[in-house]
Amino acid sequence: MQVNTAQPNALLDTAIQLVGERTGLDLTAIEPGPGADLLIRLNKAPTPTAYRVEIKRYLNKQTVALLAARLAEDPTPTMLVTDYVNPQQADRLRRRNIPFIDTAGNTYVNEPPIYVFATGNKPDILPTAKPRVRLFQPTGLKLIFALLNQPGLEQKPYRQQAEVAGIALGGVAWIMGDLRDGGYLIEPTPKTRRLINKRALTDLWVENYPARLREKLILGRYTTTHDRWWQDTDIAAHRAYWGGEIAADRLTHYLKPQDVTLYADKVPATLLLENRLQKVPDGNVEIVKQFWHFDYPEKALQIVPPLLVYADLIATGDARNAELARMVYDEHVARHIRED
DNA sequence: AGCTAAGAACCATGTGACCC
DNA sequence: GGGTCACATGGTTCTTAGCT
């Protein structure tokens with residue numbers, strides 16, 4: 001069946017119809033009114049069940065992970081509606097108990113006593129015309145980080161931006177285009193480009209950084225029997241900077257650091273030797289590759305830029321770090337991203 | 001049915017030529 | 001000097017088929 005994927009409702013209607021035909025599941029779309037979330041009702045359930053509709057095109061692993069994270073915070077019953085869920089993705093969704101329907105007739109609904117899991121149906125036309133959004137790919141994350149930390153950088157030539165962000169020139173135009181499309185950049189003239197919605201952009205950066213960039217930059221995890229070795233270490237002498245809890249401690253003095261994160265261009269061999277750091281898969285000392293190439297005031301404290309400290313604290317998902325993250329944000333990040 | 005491996009298909013990115 | 005684009009490359013993801 002040809003799907004008019006330009007229309008969200010067409011996608012929803014097609015999915016409801018096809019899933020109904022293939023599995024007998026009786027669903028109805030409900031439009032509650034302007035401004036309210038679209039709902040989908042599961043008919044014939046013992047108690048009427050309504051799901052908030054989450055329409056996502058071109059599903060991938062990250063989309064599923066982000067949706068799962070969101071639902072962990074806000075458990076409003078939500079049904080994913082998409083063009084095609086392949087068998088692997090279907091399994092991921094089922095394991096996370098996220099109900100879905102797609103336009104190929106695949107579905108997962110677990111609303112006892114109703115249980116339907118249908119997978120393996122192929123769409124007639126595979127959704128391959130994915131619009132490439134590079135904003136939150138590694139390259140995009142590097143450039144956005146540079147832009148958020150260096151106010152006014154967006155007005156500089158692409159070549160300079162590429163250099164500061166440590167990315168290829170060719171990538172800058174793509175990312176600037178995505179920023180414009182996403183409503184994060186206005187450009188009356190090239191010389192007056194201006195970043196807007198910085199708060200929202202920062203939130204998205206923090207959300208995407210751990211899985212999409214940080215994960216790829218981990219140089220190794222280490223452990224040592226030396227206690228509080230980091231306290232008197234002149235880390236800058238090893239061409240490295242503290243991140244995470246130690247950096248947060250230096251900014252706020254509110255924490256007894258347990259885990260150690262440090263950023264460096266390459267693994268500092270002498271530091272490992274001096275402190276008997278041994279490489280182990282789950283060590284509490286993590287060395288991450290430095291990915292930015294600009295100066296910032298907090299460098300004097302031998303720490304990474306505060307936005308990165310904040311992101312690392314959030315990434316731990318540790319309740320102990322949540323309040324500290326908020327302090328770092330309020331006192332050291334917020335002023336960088338105020339709208340001017 | 002579930003697992004695994006191999007190959008295909010797709011995607012992100014850097015490079016450098018070209019144009020304004 | 002500055003921006004755009006085609007292309008090559010390397011990596012990731014998906015599909016398929018064979019095996020248990």
Interatomic distance, A:Leu141 CG vs B:dA12 P [rounded to whole Å]: 13 Å

A:Pro157 side-chain proximity, nearest of B:dG14, B:dT13, C:dG2: C:dG2

A:Asp312/A:Arg214 under salt bridge (charged side-chain N to carboxylate O under 4.0 Å, His left out): CA gap, chis, key distance, verdict: CA-CA 9 Å; A:Asp312 274 350; A:Arg214 191 183 200 283; 2.8 Å; yes

Under-4.0 Å salt bridge between A:Glu286 and A:Arg221: yes

Centroid-centroid under 6.0 Å between A:Tyr263 and A:Tyr241 rings: no

A:Glu163 CD - C:dG3 P separation (whole Å): 14 Å

Can you tabulate the close N/O pairs, meaning under 3.5 Å, that link protein atoms to atoms of nucleotides 4-11 of chain C?
none

Global bending angle along the helix from B:dA1-C:dT20 to B:dC20-C:dG1, which compares the axes of five pairs at either end, to 10 degrees: 20°

Length of the CG-P vector between A:Leu143 and B:dA12, whole Å: 16 Å

A:Thr139 vs B:dA12: side-chain N/O to OP1/OP2 distance below 4.0 Å: no

Distance-only polar pair, side chains of A:Thr78 and A:Arg52, donor-acceptor under 3.5 Å: yes

For atom CE of A:Met176 and atom P of B:dT13, their distance in whole Å: 16 Å

Crowding at CZ, A:Phe117 (>12 non-hydrogen neighbours, <6.0 Å): yes

Between A:Arg41 and A:Asn43: side-chain donor-acceptor atoms closer than 3.5 Å: yes

Side-chain H-bond candidate by donor/acceptor type, A:Glu163 with A:Tyr158, under 3.5 Å: no

Distance, rounded to the nearest Å, where A:Leu217 contributes CG and B:dT13 contributes C1': 15 Å

Side-chain H-bond candidate by donor/acceptor type, A:Tyr108 with A:Asn97, under 3.5 Å: yes

Whole-Å gap separating P (B:dA1) and CZ (A:Phe117): 12 Å

Cationic N near anionic O, under 4.0 Å, A:Asp265 to A:Lys289: yes

Nearest-Å distance for atom pair CD/P, residues A:Gln161 and C:dG2: 11 Å

